[in-house]
Amino acid sequence: MVPENIQTFPSTSLTLGAGARTTSLDDLESVVAMYQPRVFRFLLAQLRDRDAAETLTQETFLRAWTARASFREDCSVSTWLIRIALNLARDHTRTGRFRFWKHIAGNAVDVADVAASVPNREGSAEAQLIAQEQVKRIWESVADLSARQRTIFLLRFLEEMDIPEIAAVTGLPLGTVKSHLYRALNVIRTRHNPQSQEGL
Amino acid sequence: MTPELRLQPDNTARRPIGEGHLTEEQFGELLSTSAREPAANGSLAEAHVQSCEQCAAELTSLRECLLVFREASTAYADNELRRMPQVTLPARRRRFLPVVEPGYWVLAAAAIFLAALLPMQVLRQHAARPAPAVAASTSSATAESDEALLEDVNREESASVPAPMQTLADPTDTVSSTSADIDTSNQTSDQRKD
């Protein structure tokens with residue numbers, strides 16, 4: 001169902017030629033197969049709600065399909081899709097319904113499950129546990145970031161987008177993107193290594 | 001310790017983390033830039049990292065941590081995605097959207113038309129069917145009996161004394177008349193004998 005090379009795709013390599021881009025968007029099945037993991041992963045990390053991520057992933061592709069004629073060639077397909085997904089996530093987060101259900105949702109992402117998904121490398125059990133603990137800590141730290149910082153952090157370190165691409169997705173100036181990213185990293189760094197703040 | 005770092009003009013604004021170590025911005029820049037896109041002022045920060053074991057260790061640790069974060073999040077999301085139903089394509093989608101599906105309008109209109117037509121057709125059939133003779137005669141007989149009943153009612157109402165309250169006939173009158181009749185009949189029989 002999902003091509004294996006999706007996860008290792010650098011975002012820039014997903015940019016297609018002008019002629020091929022239109023063709024690929026018309027072939028929605030291929031677009032879904034190629035970009036669904038990425039869109040879903042981003043929405044899941046952003047919203048931390050399985051059902052919401054699932055619904056908005058579907059909505060993202062439906063919107064893309066509906067608006068495919070308006071797709072300009074100023075960015076890659078993946079950037080365009082992530083931009084749609086981000087807008088949908090923002091709208092979803094703004095609604096009162098989300099705020100209410102966020103507290104009682106049984107389908108919220110469990111940080112322990114994410115930590116348990118750490119790939120088993122050839123290392124000791126202790127190293128594996130440490131890695132799981134680190135993942136747990138980062139997930140918890142990301143939850144404490146502001147919405148904008150979280151978005152930028154996830155786009156950079158989960159989706160591996162470069163700064164100009166993040167600026168294109170968020171519509172923010174490069175300097176603002178960098179500023180938010182560095183602040184987010186500082187929060188993560190402080191949680192990761194509390195001694196780093198002792199020198200302040 | 002790299003004195004150049006402390007001598008940067010905007011170093012105070014960058015809030016150095018520890019004496020002579022990388023600033024928050026430099027740290028962020030080093031972390032957020034990958035190998036294919038070197039940092040803008042990477043030479044300075046990278047030179048510091050090469051000479052400062054503490055910053056180097058922290059940078060390496062954080063990079064590994066962020067890598068594991070990405071791997072774990074990706075693995076988790078992929079696992080969740082396998083449980084998720086496939087995105088339904090619009091062309092194959094069968095959603096009940098009457099506004100955008102004219103076929104549904106046609107079906108709904110046909111159903112309403114049939115629902116309205118059926119009772120009307122039944123009524124029309126009833127109206128067109130000739131009334132049975134038996135039914136007609138029954139109805140005329142009923143009308144006659146009704147008229148007779150009405151006449152009786154009118155008669156009773158017009159009477160000065162209601163029938164239940166009228167005086168009873170004298171029973172003796174009946175007896176005398178009866179004996180007279182007997183006498184008359186006896187006389188007749190005598191005459192026949194004579």
Side-chain angles (χ1 to χ4, degrees), chain A residues 1-2 6-7 10 12 28-29 32 36-38 40-45 50 53-54 57-58 60-62 65-66 109 113-119 131-132 134-135 137-139 142 154 156-160 162-163 178-179 181-186 188-189 192-193 195-200, chain B residues 13-40 54-55 57-93 95 97 100:
Chain A
M1 185 181 87
V2 179
I6 285 294
Q7 290 159 24
T12 47
L28 188 64
E29 206 162 351
V32 169
Q36 191 185 19
R38 188 172 196 179
F40 178 72
R41 184 176 58 210
F42 171 68
L43 286 169
L44 190 66
R50 218 172 290 122
E54 185 182 320
T57 302
Q58 300 222 6
T60 299
F61 286 102
L62 288 172
W65 170 260
T66 312
V109 172
D113 289 343
V114 184
S117 305
V118 172
Q132 287 184 5
Q134 285 174 341
V135 169
R137 213 176 294 159
I138 292 187
W139 262 79
V142 169
L154 291 174
R156 180 68 195 92
F157 291 104
L158 188 63
E159 299 309 320
E160 290 192 315
D162 53 24
I163 305 287
K178 281 184 182 176
S179 168
L181 185 60
Y182 297 161
R183 277 180 214 159
L185 278 170
N186 196 38
I188 303 291
R189 185 186 172 195
H192 177 74
N193 184 16
Q195 291 172 350
S196 65
Q197 288 296 82
E198 285 175 7
L200 281 173
Chain B
R14 288 175 177 182
R15 292 193 294 146
I17 300 169
E19 184 88 14
H21 292 296
L22 289 174
T23 62
E24 177 189 317
E25 189 178 326
Q26 285 168 325
F27 216 98
E29 199 156 356
L30 281 173
L31 272 174
S32 59
T33 50
S34 57
R36 60 194 161 92
E37 38 169 347
Q54 192 183 332
C55 285
E58 196 180 353
L59 193 65
T60 309
S61 169
L62 261 172
R63 272 183 177 154
E64 281 177 7
C65 201
L66 289 169
L67 185 69
V68 172
F69 163 76
R70 184 176 186 276
E71 285 177 349
S73 303
T74 303
Y76 176 75
D78 287 349
N79 195 34
E80 290 295 321
L81 191 63
R82 279 186 213 108
R83 299 182 202 171
M84 184 179 141
Q86 280 283 72
V87 172
T88 318
L89 305 181
R92 297 176 187 175
R93 218 172 186 204
R95 287 198 307 176
L97 287 174
V100 294

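Since the model is a prediction, treat every value here as computed from it, not as a measurement.
With a threshold of 4.5 angstrom between heavy atoms, A:Leu154 approaches chain B through side-chain atoms but not through N, CA, C or O. Both the backbone and the side chain of A:Phe157 come within contact range of chain B, judged by heavy atoms closer than 4.5 Å. Looking at A:Leu181, only its side chain comes within 4.5 Å of chain B, counting heavy atoms on both sides. With a 4.5 Å cut-off on non-hydrogen atoms, A:Ala45 does not touch chain B at all.
Summarising the geometry of B:Ser73 relative to A:Arg41, their closest heavy-atom pair is O-CG, 4.4 Å, with the distance given to 0.1 Å. Residues A:Gln134 and B:Cys65 approach most closely at CB-SG, 3.4 Å, considering heavy atoms. The shortest heavy-atom contact between A:Ser117 and B:Ala75 is O-CB, 3.6 Å.
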Pair A:Arg189, B:Glu58 - check salt bridge (charged side-chain N to carboxylate O under 4.0 Å, His left out), show working.
CA-CA 9 Å; A:Arg189 185 186 172 195; B:Glu58 196 180 353; 2.7 Å; yes
Let me see the working for A:Gln36 and B:Leu81 under side chain to side chain contact (heavy atoms under 4.5 Å, CB included), right down to the final yes or no.
CA-CA 9 Å; A:Gln36 191 185 19; B:Leu81 191 63; 4.1 Å; yes
Can you check side chain to side chain contact (heavy atoms under 4.5 Å, CB included) on A:Tyr182 and B:Glu29, steps first, answer last?
CA-CA 7 Å; A:Tyr182 297 161; B:Glu29 199 156 356; 3.4 Å; yes
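B:Tyr76 has its side chain within reach of A:Leu44: a pair of non-hydrogen atoms, C-beta onward, lies under 4.5 Å apart. Within the 4.5 Å cutoff, side-chain heavy atoms of B:Leu66 are placed close to those of A:Leu185. Residues B:Asp78 and A:Pro37 are in side-chain contact: their nearest non-hydrogen atoms beyond the backbone lie under 4.5 Å apart. Between B:Glu24 and A:Arg183, the closest side-chain pair of non-hydrogen atoms falls below 4.5 Å.
One distance of note links CZ of B:Arg83 with CD of A:Glu54; it measures 11.0 Å at 0.5 Å rounding. Considering CZ of B:Phe69 and CD1 of A:Ile188, their distance stands at 7.5 Å, rounded to 0.5 Å.
Per-residue heavy-atom pair counts under 4.5 Å with chain B were compared for A:Val135, A:Val114, A:Val118, and the maximum is reached by A:Val114.
Remark: A:Glu160 engages B:Arg70 in a salt bridge, criterion side-chain N to carboxylate O under 4.0 Å.
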